[in-house]
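Presented below is the structure to which this report refers.
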Amino acid sequence: MRKIRVGLIGFGISGQVFHAPVMRSIVALELVKVTARKAEQQALLKERFPQAETALSADEIFADETIELVVIATSNDMHYPMAKRALEAGKHVVVEKPFTNTVEQADELIALAREKNLVLAPYHNLRFTSDYRTVEKIIKGGRLGRIVNLESRFDRFRNYLRPNAWREENLPGSGIFYDLGPHLIDQALQLFGKPNAVFADLAIQRDHAKTIDNFDCILYYDNLRVSLKGSMLAKEPTPRYRLFGMNGNFVKNGVDPQEALLRDGKFPDEDPNWGEEEPSIYGKLNIVEEGKDVEEIIVSEKGSYPDFYQNVADTILGQATLIASPEQARDVIRIIELGYQSQSERRVISTEDQLIAY
């Protein structure tokens, strides 16, 4: 099989945790060059990915004619310019979320990729988690009846500001509505399609914080409300998902195990049980079925971040189409923009003529 040579731009947490070890699982991908400027990054790269050459600048990757695929895992403000340069250099591109910071930037990248017949893939990896896949299965299974409400949360607890962290600065694309919001919005659009309208309440809550650290975004559908929330001050664990239907509820606690395993230095290709949840965090279905009360623990689906990169490799090789398309990611950014407009104007904003993929 032909190997697709990969260059990775950015070897901070995103590159170290969510990209390099995940793409290692894909036979068709070969990580050959990584930007790593700091001594500790270079040492880690040599230890964990000895086949990859260290690059001191993105220019070295763009100029390497043997590299077909470039992965952008930089700070959010650099996603658009780096992706644009990679496409202009004739490379296929994977871009961390958020795809871009504006719809105008997204539309430009999509047009450029089409012009050059290149693959442009947003890294919406939370479509490939155990918890989301389980919620998707519950909805499609129909046992809840007509869904009337979904509550989806992405909470953390950090009541202090990390020093010298770009995510804590008031920069384009910073704050958790841009950092965590894209995951929740993308999942909602996948589950239910285009909403009719958007409302968002965005706040800065922590002492001395400079950017959004709490959000509450509501997507309005004809007979459905989707509530998407994120907080940096959630010390007590909250349910990851709560589904409400005409027949009852489904509650999913806990989170997909993959991130924790990757942060611990594990590789997906070395664990045959990769992506399997502990039974202690399986979700609970509580419904009325055939006139009887039914409570049932639902075994979670298996998560697999590598499925994303397998799909990208297959698409580059002409054997598949993208599961997560740039047009879909563009619509996620439009929802975020409408959320900021809603916050500014303190009103519900219509999505009419705003989305292109749904």
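Quantities reported herein were computed from a predicted structural model and do not represent experimental measurements.
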Carefully, step by step, assess Arg263 and Ile13 under the rule side-chain contact (heavy atoms from CB on, under 4.5 Å).
CA-CA 8 Å; Arg263 286 181 179 272; Ile13 291 299; 3.8 Å; yes
If you apply the rule side-chain contact (heavy atoms from CB on, under 4.5 Å), what do you find for Leu8 with Leu31, and how did you get there?
CA-CA 7 Å; Leu8 172 59; Leu31 183 62; 3.8 Å; yes
One pair to check against side-chain contact (heavy atoms from CB on, under 4.5 Å): Asp256 and Tyr132. What are the steps and the verdict?
CA-CA 8 Å; Asp256 174 273; Tyr132 170 72; over 6 Å; no
Passes side-chain contact (heavy atoms from CB on, under 4.5 Å), Ile147 versus Phe192? Steps please.
CA-CA 10 Å; Ile147 305 299; Phe192 302 114; 4.2 Å; yes
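Using a 4.0 Å cut-off between charged side-chain N and carboxylate O, Asp131 and Lys252 make no salt bridge. Between Glu337 and Arg334 there is a salt bridge, since a side-chain N of the basic residue sits under 4.0 Å from a carboxylate O of the acidic one. Between Glu270 and Arg24 there is a salt bridge, since a side-chain N of the basic residue sits under 4.0 Å from a carboxylate O of the acidic one. Under 4.0 Å is where a charged nitrogen must lie from a carboxylate oxygen, and between Lys229 and Glu151 no such pair does.
Under a cut-off of 6.0 angstrom, the local environment of NZ in Lys3 is crowded, with over 12 non-hydrogen atoms contributed by other residues, nucleotides or ligands. Within 6.0 Å of the CG atom in Asn273, the count of heavy atoms belonging to other residues, nucleotides or ligands exceeds 12. No more than 12 heavy-atom neighbours from other residues, nucleotides or ligands sit within 6.0 angstrom of NZ on Lys210. Under a cut-off of 6.0 angstrom, the local environment of CD in Glu88 is crowded, with over 12 non-hydrogen atoms contributed by other residues, nucleotides or ligands. Annotation for Gln319: atom CD counts as buried by contact number, over 12 foreign heavy atoms lying within 6.0 Å.
Contact check for Thr129 versus Glu301: no side-chain heavy atoms found under the 4.5 Å cut-off. Inter-residue side-chain proximity for Pro257 and Glu278 is flagged as unmet; no heavy-atom pair is nearer than 4.5 Å. Between Asp216 and Phe177 the shortest side-chain heavy-atom distance does not fall below 4.5 Å. Within the 4.5 Å cutoff, no side-chain heavy atoms of Lys302 are placed close to those of Ser130. A heavy-atom distance below 4.5 Å is found between the side chains of Val71 and Met23. Looking only at side-chain heavy atoms (C-beta outward), Arg158 and Arg206 come within less than 4.5 Å of each other. Side-chain contact check for Ile61 versus Thr35: some heavy-atom pair is nearer than 4.5 Å. At a threshold of 4.5 Å between non-hydrogen side-chain atoms, the residues Val148 and Asn223 do not count as touching.
Linking ILVMFWY side-chain heavy atoms closer than 4.5 Å, directly or via other members, places Phe128 and Leu261 in a single hydrophobic cluster. In terms of hydrophobic clustering, with Ile, Leu, Val, Met, Phe, Trp and Tyr side chains grouped at heavy-atom distances under 4.5 Å, Ile281 and Ile138 are assigned to different clusters. Neither Met246 nor Val288 shares a network with the other; the hydrophobic side chains, linked directly or stepwise wherever heavy atoms of I, L, V, M, F, W or Y lie under 4.5 Å apart, form separate groups for each. Both Leu112 and Met78 sit in one connected hydrophobic cluster of ILVMFWY residues. Membership requires side-chain heavy atoms under 4.5 Å apart, directly or through other members. Linking ILVMFWY residues whenever their side-chain heavy atoms come closer than 4.5 Å, directly or via other members, places Tyr221 and Leu191 in the same cluster.
Leu224 CG to Asn149 CG: the interatomic distance, rounded to the nearest 0.5 Å, is 7.0 Å. Between the CE atom in Met82 and the OH atom in Tyr80 there is a gap of 13.0 Å [rounded to 0.5 Å]. A distance of 7.0 Å separates CD1 in Ile323 from CG in Asp307, rounded to the nearest 0.5 Å. Of the inter-residue distances, the one linking Glu96 atom CD with Ile9 atom CD1 reads 13.5 Å to the nearest 0.5 angstrom.
Nearest heavy-atom pair, Tyr358 versus Gly193, reported as atom, atom and distance to 0.1 Å: CD2-CA, 4.1 Å. Contact between Ala234 and Phe157 at its shortest, heavy atoms only, is O-CB, 3.6 Å. Closest approach of Ala197 to Val348, counting heavy atoms only: CB-CG1, 3.5 Å. The two residues Tyr178 and Ile336 have their closest heavy-atom pair at CZ-CG2, 3.6 Å. Shortest non-hydrogen contact noted between Leu355 and Pro195 is CD1-CD, 4.0 Å. Among all heavy-atom pairs drawn from Tyr160 and Glu168, the shortest one is O-OE2, 4.0 Å.
Using modelled atom types and a 3.5 Å distance limit, the side chains of Asn101 and Asp77 yield no donor-acceptor pair. Between Thr54 and Gln42, the side chains place no donor N or O within less than 3.5 Å of an acceptor N or O (distance only, hydrogens not considered). Side chains of Asn170 and Thr211: a donor-acceptor N/O pair is absent below 3.5 angstrom, by distance only.
Residue pairs meeting the ring-ring contact (aromatic ring centres under 6.0 Å, His included) criterion with at least one member in residues 243-274, sequence neighbours excluded: Phe49-Phe267. For the salt bridge (charged side-chain N to carboxylate O under 4.0 Å, His left out) condition, the pairs that include at least one residue of residues 179-189, sequence neighbours left out, are Lys97-Asp179, Arg127-Asp186, Arg167-Asp179. Evaluation of the salt bridge (charged side-chain N to carboxylate O under 4.0 Å, His left out) test over residues 110-125, restricted to residues two or more places apart or in two chains, returns Arg114-Glu327.
Within the hydrophobic cluster formed by Ile, Leu, Val, Met, Phe, Trp and Tyr side chains joined at under 4.5 Å, directly or through other members, Val299 is accompanied by Tyr282, Ile297.
Residues that satisfy the side chain to side chain donor-acceptor pair (under 3.5 Å) test with Asp314, not counting sequence neighbours, are Gln310. Checked against side chain to side chain donor-acceptor pair (under 3.5 Å), Glu30 has no partners two or more places apart in sequence or in another chain.
The side-chain tip of Arg346 does not point at the ring of Phe199 from less than 6.0 angstrom away and within 45° of straight on.
For the side-chain contact (heavy atoms from CB on, under 4.5 Å) with Leu228, the qualifying choice from Ile185, Ile335, Leu180 is Ile185, the only one to do so.
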